[in-house]
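Single-structure report; data block below.
Chain identifiers are assigned alphabetically (A, B, ...) following the order of the sequence lines, protein sequences preceding nucleic acid strands; residue numbering begins at 1 within each chain.
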Amino acid sequence: MELSKNYIPSATEEKWYKHWTDKKYFNSHPDGRPSYTVVIPPPNVTGVLHMGHTLNETVQDILVRKARMSGFNACWVPGSDHASIATEAKVVQMLKEQGIDKSTLSREEFLKYAFEWKEKYGGIIYSQIAKLGCSVDWDRTTFTMDDHYYKAVMKVFVDLYNKGLVYRGARMINWDPAAKTALSDEEVEFKDIVGKLYYLKYRLADTSAETTDKNESDQSFENYITIATQRPETIMGDTAICVNPNDERFAHLKGKYAIVPLIDRRIPIIFDEYVDPTFGTGALKVTPAHDINDYNLGLKHNLEVVDTLNEDGTLSEAAQIYVGVERFAARKKVLVELKEKGYFLKEEEYPSRLGYSQRSGVVVEPRISTQWFLKMKEMAGPALRAVLDGEIKIHPGEKFLATYKYWLENVKDWCISRQLWWGQQIPAWYDDKGNVFVAETREQAASLKLQASRAEQQDGESLQLAADSLQLTQDSDVLDTWFSSWLWPMEVFKGISDPGNKEVDYYYPTSVLVTGQDIIFFWVARMIMAGMHYKNVKPFSDVYFTGMVRDKQGRKMSKSLGNSPDLLDLIDKYGADAVRFGIMISSPAGNDLLFDEASLEQGRNFNNKLWNALKLVKIWEGRQMAEDTKEIVDDNFELVDETKQLFGEIDHLPNEAHLDHANYAINWFANRLQQVRADVEILYSQFRLSEALKVIYSLIWDDFCSWYLEWIKPGFDQPIEDEVYHKTIQFFEELMQLLHPFMPFITEEIYHLLSDKQDDLCVKQFSAIKEANHEILTSGELLKQVISALRDARNKSQLKPKETIKLFIQSEHSEVYRKIESILLKQVNAETISYVQETVANATVVAIEKDKFYIESERKADIQAVKAELLKDLEHQKGFLQSVLKKLSNERFVANAKAEVVDLEKKKQADAEARIRTIEESLANLV
RNA sequence: GGGAGCAUAGCUCAGUUGGUUUAGAGCAUCUGCCUUACAAGCAGAGGGUCCGCGGUUCGAACCCGUGUGCUCCCA
């Protein structure tokens, strides 16, 4: 079969993904095997996968595929969440473009449009997940608004309400004036800004007169108090001025009143230690409706609450002036008027922080509003314990444990209601008197009301009203999306809607949760809360936090910066395997990763390397020697003596040495493979996937391609021994298996091209790892070292690759080199190798350990260059010896250090001395 | 303001309980090669005050203190 020059990903990716899904390899059903369960962090239904998702999904796929190939019943559940605010905003926008105003629609009509929109665009994200090669069980795809999921959310809400954990009340909440909904504390992002502090004069009211004189505003400001504020547009909501009781400057104002500028409201001057006398002027204007701290002051001092803002952020009737003007425009107008009327003193720059809505991006308005809340203190305890006790392990732990702990210990109640339509409508019903009945259905709510009225009036006669005739109105708000996604690890297996079912018993708790560190509170902590509350069992054993994906310059990827590449474009350009490789190789666990397309190029090059190695091996196919099929190496990779003899007796073997050195190479690589497999296993267990990939990459590129294949490569047009060929195919297959979780497509493709297969790599189980033989590994390292040093010497002597050399080896253990002679011969392009006892004159000399290698060639050796090289090495060795001697001559070192350490230093000394002798002898020879 | 993390080659990072041949890798750079799988490649090389200062120790990239710089979280 003719193989293309380069690997073409597009040709194979679709084919294999279809094959895997047709074979139902990704579908999981409970069985006797241990489960390995992962639930996808549901991307929101409106979106497309960005680079952060790509990293995330790749990590999960690696873990899941590895588990699937290691005896586990791997189950990866895909899905998406309904993203209340984001989706509603998009649907509203779409309707607007069609000339439809949301306010003209009924709830039902709007939801019909929203579901249509979801059907149309919700699938994009799934096709991207598939493109990336993710081995999810598509039959389990879950959406947070699915019927069973909806019911589960209702059930949980009602249950928590009945337990007294969910309550309704008027509180200061974060209000998004663009989305016109409440937000939770976590949905507010604070940004540093340079704000302005405006100093304003408030006249003091004349205490002698009960009512203020209309003419007062014309009077000069003889008696006034100066306040500093960042929000002059809120002065119309002022209901007090507060000063510190210990501040002597204001002591005389006790019991006095001040007049709010522009609207002439008379407000008391109150005293509270909350006020910092050193900030601003030491006098604080108190606006209980528009600041959380002022709100608390208001509660304490029984102040009036004047809400001067509408839900869309414009000034309300209560403001009296500039009604209907947007808040920031109003600020400008108010300032102008304050200046005109002489209330304005000065302004200064002031570094501050402002809260922005995570969803709409507008400045969040603190607002008093009646909302539904979940008590968090009660939920936090078990969630904290599960992590602190180590039941759930966080990776990387040192970074996030403290954050997690702090949040849970200081958590405030969670505002769970949203003034939106897209989402689970709150299952609370009100009667005309404002009584609330919380139940999963209207009927149950009605019967609750019936019961309540029965309890109230014993008279049964008036209660003939049927439940359905009761005029109940359902709460028009929906629940925060996170109030549904916190049930995710349970409800994807219907653990809430159908508790105790077979599936949830088998798959829960899940194995690992892979997600971004930015949703540690939004989602991770709350999932742990829900899991502990409803199952009293952790939702997952490990949490793996990936870092943020940034661009090359370290900036966060964002739509506004336009620095986030399109995933499908990248896959088109480099192939899915290369994208996976690129993002993983540059992604140290838990650290942010600087995304650079160069790493994808590296991935594509790696694909190509694999492809070319395949081509080389395929050239040998059919060129194998018809041969006795006897094994040449046994299970321990040792050469079987019998086989050795057998080959020795076969006269048509063209190059006995070739088999000999091929056997050496096979033995070495077999052990090297086992060694790396063991290393990779440890790295997996520590979630150090980036390093695992690096190790595998190097094993394939360096050890397999650059060394092993070169060592066993037969001469041009020469045949290859059947056994060497098959052993090589086997190695190649094992390497593909090892790499498969990281780069599933090309590995499956090559696996099948190497030889005819009935099975698929995707589900091929890993064999047990064998203990590697360190002797052969060390020997291989020495061989590599010798080859590299001799090649370096050739380079430095400016020998062309084609020019041959005569190599003389002076060693006390020449048998070591005789065993690998033919490899050495080929690798350094020597025409002969001889063993000598004496130095060889006028040759380039290379000293390695205690052995000396002389290179003789047509080209005269550059004695000066060789000498300089040796002197440099000598200096280094002497310096090293010095440091060792310094330690050994230190009595306290010898007395205190462990015996092994001292012995090691002694060995270092002996080795260094031997090397120095070798170098000095070589130098002497040069003169 | 409170807390956490980080600082090692030009860049991105490893470096396990302090001792493992006077610090390792990948990428980038430089030199030489179109060598019969691969120039998206091969062979080789150079490159470090382990952020500064102080301490503990026989011995510190590693432990402690301190300063500086960066990042993140929280208020």
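Atom name C1', nucleotides B:U20 and B:G65: the rounded distance is 30 Å, in whole Å. For the C1' atoms, the distance linking B:U31 with B:A7 amounts to 33 Å, nearest Å. Straight-line distance between the C1' atoms of B:C38 and B:C33: roughly 14 Å, to the nearest whole Å. Using C1' as the reference atom, B:A9 and B:G48 are 5 Å apart when rounded to the nearest Å. B:C73 and B:C13 have their C1' atoms separated by 24 Å, with the value rounded to a whole Å. Comparing the same atom, C1', in B:G15 and in B:C50 gives a spacing of 11 Å after rounding to whole Å. On the P atoms, B:G3 is 13 Å away from B:G67, given to the nearest whole Å. Taking atom P on both nucleotides, B:G69 is separated from B:G46 by 37 Å, rounded to a whole Å.
Shown here are the side chain to side chain donor-acceptor pair (under 3.5 Å) partners of A:Tyr404, two or more places apart in sequence or in another chain: there are none.
Regarding A:Asn410, its CG atom lies at a distance of 14 Å from the P atom of B:A4, rounded to whole Å. Between A:Glu691 atom CD and B:A25 atom C1' there is a gap of 10 Å when expressed in whole angstrom units. Regarding A:Lys694, its NZ atom lies at a distance of 11 Å from the C1' atom of B:G24, rounded to whole Å. Look at CD1 on A:Ile746: it is 13 Å from C1' on B:C38, rounded to the nearest Å. Summarising the geometry, the separation between CD1 on A:Ile394 and C1' on B:A4 is reported as 13 Å, rounded to the nearest angstrom. Atom CG in A:Leu888 sits about 12 Å away from atom C1' in B:G59, given to the nearest Å. Rounded to whole Å, the distance from NZ on A:Lys800 to P on B:U31 is 14 Å. Put simply, NZ on A:Lys802 is 17 Å from P on B:G32, counting in whole angstrom units.
Within a 6.0 Å radius of CD in A:Glu875, other residues, nucleotides and ligands contribute 12 heavy atoms or fewer. For A:Gln798, the CD atom sits in a loose shell: 12 or fewer heavy atoms of surrounding residues, nucleotides or ligands are nearer than 6.0 Å. Heavy atoms of other residues, nucleotides or ligands lying less than 6.0 angstrom from CD of A:Glu775 number 12 at most.
Put simply, A:Arg794 has no side-chain N or O that comes within less than 4.0 Å of OP1 or OP2 on B:U31. Within the 4.0 Å cut-off from OP1 or OP2 of B:A37, not a single side-chain nitrogen or oxygen of A:Tyr708 is found.
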**Complete:** Heavy-atom contacts, protein to nucleotides 39-47 of chain B, under 4.0 Å, summarised as B (base), S (sugar-phosphate only) or - (none) per nt, yield SBSSBSSS-
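In this structure, A:Glu365 pairs ionically with A:Arg231, as a charged nitrogen and a carboxylate oxygen lie closer than 4.0 Å. Under a 4.0 Å N-O distance rule, the pair A:Arg917/A:Glu920 does not qualify as a salt bridge. Between A:Asp703 and A:Lys784 there is a salt bridge, with a side-chain nitrogen of the basic residue lying less than 4.0 Å from a carboxylate oxygen of the acidic one.
Between A:His395 and A:Phe687, the ring-plane angle classifies as tilted under the 30° and 60° cut-offs. Ring pair A:Tyr708/A:Phe704 is parallel by interplanar angle, where below 30° counts as parallel and above 60° as perpendicular.
The distance between the ring centers of A:Trp620 and A:Tyr725 does not fall below 6.0 angstrom.
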Every protein N/O within reach of nucleotides 18-22 of chain B N/O, cut-off under 3.5 Å:
{"unit_1": "B:U21", "atom_1": "O2", "unit_2": "A:Arg915", "atom_2": "NH2", "d": "2.9"}
{"unit_1": "B:U21", "atom_1": "N3", "unit_2": "A:Asp911", "atom_2": "OD2", "d": "3.3"}
{"unit_1": "B:U21", "atom_1": "O4", "unit_2": "A:Lys907", "atom_2": "NZ", "d": "3.2"}
{"unit_1": "B:U21", "atom_1": "O4", "unit_2": "A:Asp911", "atom_2": "OD2", "d": "2.6"}
{"unit_1": "B:U22", "atom_1": "O4", "unit_2": "A:His876", "atom_2": "O", "d": "3.0"}

Protein and nucleotides 72-75 of chain B: nitrogen or oxygen contacts under 3.5 angstrom:
{"unit_1": "B:A75", "atom_1": "N6", "unit_2": "A:Arg353", "atom_2": "NE", "d": "2.6"}
{"unit_1": "B:A75", "atom_1": "N6", "unit_2": "A:Arg353", "atom_2": "NH1", "d": "3.0"}

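For A:Lys609 (side chain) and A:Cys705 (main-chain N/O), no donor-acceptor pair under 3.5 Å exists by modelled atom type. Using modelled atom types, one side-chain atom of A:Arg791 and one backbone atom of A:Gln827 make a donor-acceptor pair closer than 3.5 Å. The closest donor-acceptor contact from the side chain of A:Lys405 to the backbone of A:Leu384 lies at 3.5 Å or more, if one exists at all. Using a distance-only test at 3.5 Å, with no hydrogens or angles considered, no donor-acceptor pair links the side chain of A:Ser788 to the main chain of A:Gln785.
Within the nucleic acid shown, A:Gln602 comes within 4.0 Å of sugar-phosphate atoms alone, with no base atom in reach, counting heavy atoms only. A:Ala613 comes within 4.0 angstrom of a nucleotide base, judged by non-hydrogen atoms across all strands.
When all heavy atoms are compared, the tightest approach of A:Trp711 to A:Gly780 is CH2-O, 4.3 Å. What you find for A:Ala228 and A:Gly280 is that their closest heavy atoms are CB-CA, 4.1 Å.
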**Prompt:** Can A:Phe581 and A:Phe742 be said to form a ring-ring contact (aromatic ring centres under 6.0 Å, His included), step by step?
**Reply:** CA-CA 7 Å; A:Phe581 177 97; A:Phe742 294 87; 8.9 Å; no
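Among the nucleotides B:A14, B:C33, B:C27, the one closest to the side chain of A:Pro801 is B:C33.
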**Request:** For RNA chain B, produce a single dot-bracket line, 5' to 3'. Pairs: Watson-Crick or G-U wobble, both distances under 3.5 Å. Symbols: ( ) within strand, [ ] crossing, | other strand, . unpaired.
**Result:** (((((((..((((.....[....)))).(((((.......))))).....(((((..]....)))))))))))).
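Here the side chains of A:Tyr684 and A:Leu689 are in contact, with some heavy-atom distance below 4.5 Å.
For the segment residues 677-685 of chain A, the set of residues with a heavy atom within less than 4.0 Å of an atom of RNA chain B is empty.
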